[in-house]
Amino acid sequence: MKKVLTLAALVMALSACSGQQASQNAEPVNISSLGKSEITDVRAADAMPTYPKRGKSIERGFAHQPPLIPHKADYPITLKRNGCITCHSPEKAKRMKATAVDPSHLLANGKLNNEYYSCTQCHTPQAENKQELVGNEFSAQ
Ligand code: HEC
Ligand code: HEC
């Protein structure tokens, strides 16, 4: 019985392979672009902002201010995972050389209080922005 099953599996695997080969030999499809114009005006890439050195906190302006983030802050914060907590949870912070979240962010059992889940609601990144500011020619007249 075992032998029969192995043989069946082998035949199936082989037929799967031949199926793949058939699609490789298929007629080539010719695709032409709908856009006929050439792109001539190429904008230079945006200057990258520079963040304060890692490991250096930005001085707070007042007591209990949510500290500014001294690094890029595009880590995903989704229902399934929180990109910030991978470095800032009390268990991982030391290893990641980051400051653990403030104790106020934790429940009595040490887990993150979900009221603090959306980190960037209170913490905002601070960078030296090399990009020129957008001009404003607004006039009330
Ligand atoms: C790859 C690891 C890593 C990730 C991910 C990360 N951080 Fe950090 N964070 C650091 C390190 C390292 C520092 C600098 C050391 C410090 O001051 O805690 C820092 C500093 C900070 C500080 C300043 C702390 C202080 O006391 O001044 C805040 C606030 C912060 N991060 C918030 C965030 C938020 C919000 C996110 C998600 C958007 C995030 N971090 C994601 C590693 C990380
Ligand atoms: C509701 C606002 C709020 C949210 C949401 C929030 N924080 Fe904070 N956070 C604060 C405030 C306020 C402080 C300063 C606490 C103090 O000094 O009394 C702080 C402090 C911190 C500190 C510094 C702790 C220290 O010991 O210096 C870190 C790191 C931090 N938060 C990370 C995070 C991360 C990561 C998240 C998301 C998981 C988060 N925070 C979500 C308001 C918030």
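Position 1 is the first residue of the sequence; numbering continues from there.
Counting only heavy atoms from C-beta outward, the side chains of T124 and I69 never approach each other to under 4.5 Å. No side-chain heavy atom of P49 sits less than 4.5 Å from a side-chain heavy atom of E128. Inter-residue side-chain proximity for P125 and L68 is flagged as unmet; no heavy-atom pair is nearer than 4.5 Å. At least one side-chain heavy atom of L106 sits under 4.5 Å from a side-chain heavy atom of P90. Residues C84 and I77 meet the side-chain proximity criterion, which asks for heavy atoms closer than 4.5 Å.
For T120 (side chain) and H123 (main-chain N/O), no donor-acceptor pair under 3.5 Å exists by modelled atom type. The closest donor-acceptor contact from the side chain of S89 to the backbone of T86 lies at 3.5 Å or more, if one exists at all.
The two residues C87 and M96 make their nearest non-hydrogen contact at SG-CE, 3.6 Å. When all heavy atoms are compared, the tightest approach of Q126 to P52 is O-CD, 3.3 Å.
Listed by chain and residue number, nothing satisfies the salt bridge (Lys or Arg N to Asp or Glu O under 4.0 Å) test with R95 (two or more places apart in sequence, or in another chain).
Pairs passing the salt bridge (charged side-chain N to carboxylate O under 4.0 Å, His left out) check and including a residue from residues 74-84, sequence neighbours excluded, read K72-D74. For residues 98-119, the pairs satisfying side-chain hydrogen bond (donor to acceptor under 3.5 Å, both in side chains) are D102-S104, with sequence neighbours left out.
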